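A quick write-up on the structure given underneath.
Side-chain atoms are counted along with the backbone in the values below, which use heavy atoms only and exclude waters and symmetry mates. Heads up: numbering here begins at 1 and tracks the sequence. Computed from a predicted structure; not experimentally measured.
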Amino acid sequence: MGLSKRAALLEDLIEKCGGCAVVDGGFATQLESHGAAINDPLWSAVCLIRNPELIKRVHLEYLEAGAHILVTSSYQATIPGFLSRGLSMEESESLLQKSVKLAVEARDSFWDRVSKVHGHGYNRALVAASIGSYGAYLADGSEYSGNYGEKVDLHKLKDFHRRRLQVLVDAGPDIIAFETIPNKLEAQACVEVMEEENVQIPAWICFSSVDGENAPSGESFEECLKPLNKSDNVYAVGINCSPPQFIENLILRFSKSTTKAIIVYPNSGEVWDGRAKRWLPSKCFGDDKFEIFATKWRDLGAKLIGGCCRTTPSTIEAVSKVLKRR
């Protein structure tokens, strides 16, 4: 199946969902709620090693909540990260493939069950293979600053992403999801490596924002979107893991700078201290606020809406229910 036909699957899903599909919510948050210990450089990806069945359980919980797209547990799963734990290259690549396999198995088993129920109200979900930024691998908070240093150039970023992208593509997801990209340079690297590898799967590329105006690097989103707008691989662009109060303004900014579909999946509004590895006290949005704002984001033009850190299946259920109402 070529790129255009795979992109059509996503377009069809959005249409079936009334013009706006629901992405799942915080993955690590839900793993922790079940007792998973993920205070680790691999973060939620450590469960690929320790407890893969829990990963599948969380996927199923989000499907039950009404998610139309499952994002895999590979955000912080990198080959260098696995190798540093003493795993072999073969084992590292197998774990990346497992992240997709677990999501696909959860999706298929859920759909096999609910599709037999008359009037069930669900759509068959798609699976998005998560690829976190270079800063996520560093685990030093730099995905929220964009400051990678002078030694990190376009070539290095493409090399970093290339093999993980190849392995995840071979595992057969429906979408590639580049997440928390902090600067134009890495966005360009993502686009170029997809083109060089002739990837035939549509992608979304999401940035973070710490000021509600620009990318973490300080670059304008108008500038960051330029290489993405030229790419046939990129189906959607947007924002993840940023405070929900930023999203309305950012959708307006993005809609002026791109014709791509817009995707938003903010965190709960709490602030993560990447160096101290802890959540800072801050104003956060409850599920009721997400209900109110999700309709605003949809009406402003967002085609894909979900949640990131500190959101839960109840958040996604609230979003799913309110978006079904017109």
Side-chain angles (χ1 to χ4, degrees), residues 10-30 33 58-71 120-128 130 175 177 179-180 204-209 212-213 221 235-256 258 260-272 282-326:
L10 182 51
E11 289 174 354
D12 288 346
L13 176 65
I14 292 171
E15 185 176 349
K16 287 177 183 176
C17 298
C20 186
V22 178
V23 183
D24 64 11
F27 205 81
T29 301
Q30 194 64 6
S33 76
V58 171
H59 285 317
L60 287 167
E61 288 170 340
Y62 277 115
L63 290 169
E64 291 280 2
H68 303 125
I69 297 177
L70 293 179
V71 181
H120 57 80
Y122 290 98
N123 287 290
R124 185 175 183 273
L126 299 181
V127 171
S130 173
I175 306 160
E179 303 187 285
T180 58
W204 75 57
I205 297 181
C206 282
F207 298 87
S208 55
S209 179
E213 302 284 338
F221 283 119
Y235 177 87
V237 297
I239 295 288
N240 77 289
C241 210
S242 300
Q245 56 266 35
F246 291 172
I247 299 301
E248 185 172 337
N249 178 57
L250 290 171
I251 292 173
L252 292 171
R253 284 177 173 267
F254 274 58
S255 63
K256 293 176 183 176
T258 188
K260 304 287 186 183
I262 294 175
I263 175 172
V264 292
Y265 49 114
N267 57 36
S268 68
E270 294 173 78
V271 177
W272 175 250
S282 54
K283 180 181 178 182
C284 68
F285 276 37
D287 296 347
D288 56 337
K289 286 277 189 73
F290 266 87
E291 277 189 34
I292 295 167
F293 279 84
T295 55
K296 289 185 178 180
W297 302 335
R298 177 198 62 197
D299 294 345
L300 287 171
K303 298 294 185 184
L304 299 142
I305 296 175
C308 203
C309 296
R310 312 295 270 188
T311 63
T312 67
S314 68
T315 312
I316 298 309
E317 183 176 14
V319 170
S320 176
K321 285 181 176 179
V322 76
L323 291 181
K324 285 180 181 177
R325 306 175 201 144
R326 296 299 297 183

query: Just wondering, do Phe207 and Leu250 contact through their side chains at under 4.5 Å, heavy atoms?
result: no
field: Interatomic distance, Thr315 atom OG1 to Tyr62 atom OH [nearest 0.5 angstrom]
entry: 7.0 Å
- prompt: So His120 and Tyr122, would you call those rings parallel, tilted or perpendicular, with 30° and 60° as cut-offs?
  reply: parallel
Side-chain touch Ile262/Ser255, heavy atoms, less than 4.5 angstrom: yes
field: Contacts of His59 that satisfy ring pair (Phe, Tyr, Trp, His ring centres under 6.0 Å) - sequence neighbours left out
entry: Phe27
- request: Calculate, to the nearest 0.5 Å, the distance between atoms OG1 and CD1 belonging to Thr180 and Ile205 respectively.
  value: 12.0 Å
message: Would Cys20 and Ile305 count as a side-chain contact (heavy atoms from CB on, under 4.5 Å) here? Give the steps.
response: CA-CA 7 Å; Cys20 186; Ile305 296 175; 3.6 Å; yes
message: Quick check for you: to the nearest 0.5 Å, what is the distance between Leu323 atom CG and Trp297 atom CH2?
response: 10.0 Å
- request: Could you give me the CA-CA distance, side-chain angles and deciding distance for Phe221 and Val237, then say whether side-chain contact (heavy atoms from CB on, under 4.5 Å) is met?
  value: CA-CA 10 Å; Phe221 283 119; Val237 297; over 6 Å; no
Inter-residue atom distance Glu317.CD - Glu61.CD, 0.5 Å rounding: 11.5 Å
task: Heavy atoms only: give me the nearest Pro243-Ser209 pair and the separation to one decimal.
output: CD-O, 4.0 Å
message: Has Thr295 got a side-chain atom pairing as donor or acceptor with Ile292's backbone, closer than 3.5 angstrom?
response: yes
task: Assess whether atom CD of Glu213 is packed by more than 12 heavy atoms of other residues, nucleotides or ligands within 6.0 Å.
output: yes
- prompt: Can you list the steps and then say if Asn267 with Arg310 is a side-chain contact (heavy atoms from CB on, under 4.5 Å)?
  reply: CA-CA 6 Å; Asn267 57 36; Arg310 312 295 270 188; 5.6 Å; no
- request: Looking only at non-hydrogen atoms, find the nearest pair between Ser268 and Phe290 and report the distance.
  value: CA-CE1, 4.3 Å
task: Look up atom OG in Ser320 and atom CD in Glu291, then write down how far apart they are to the nearest 0.5 Å.
output: 10.5 Å
task: Could you grab the distance from atom OG1 of Thr312 to atom CG of Asp24, nearest 0.5 Å is fine?
output: 11.5 Å
field: Sole residue of Asn123, Ile14, Leu10 in side-chain contact (heavy atoms from CB on, under 4.5 Å) with His68
entry: Asn123
Exercise: identify the closest heavy-atom pair between Ala302 and Ile251: CB-CD1, 4.1 Å
- request: Measure across Ala294 and Val322 and return the closest heavy-atom pair with its distance rounded to 0.1 Å.
  value: CB-CG1, 4.3 Å
- request: Please check if the side chain of Asn240 supplies one atom and the backbone of Tyr265 the other of a donor-acceptor pair under 3.5 Å.
  value: no
- request: Apply side-chain contact (heavy atoms from CB on, under 4.5 Å) to Val264 and Phe293, showing your working.
  value: CA-CA 11 Å; Val264 292; Phe293 279 84; over 6 Å; no
task: Keeping the roles fixed (side chain from Ser208, backbone from Cys241), state whether a donor-acceptor pair exists under 3.5 Å.
output: no
message: Using the ring pair (Phe, Tyr, Trp, His ring centres under 6.0 Å) criterion, which residues pair with Phe246? Sequence neighbours excluded.
response: none
Minimal non-hydrogen separation, Ile263 against Ala236, with atom names: CG2-CB, 4.1 Å
message: If you compare all heavy atoms of Ser314 against all heavy atoms of Asp287, which two are closest, and at what distance to 0.1 Å?
response: OG-OD2, 2.7 Å
Check: Gly26 main-chain N/O paired with Thr311 side-chain donor or acceptor under 3.5 Å: yes
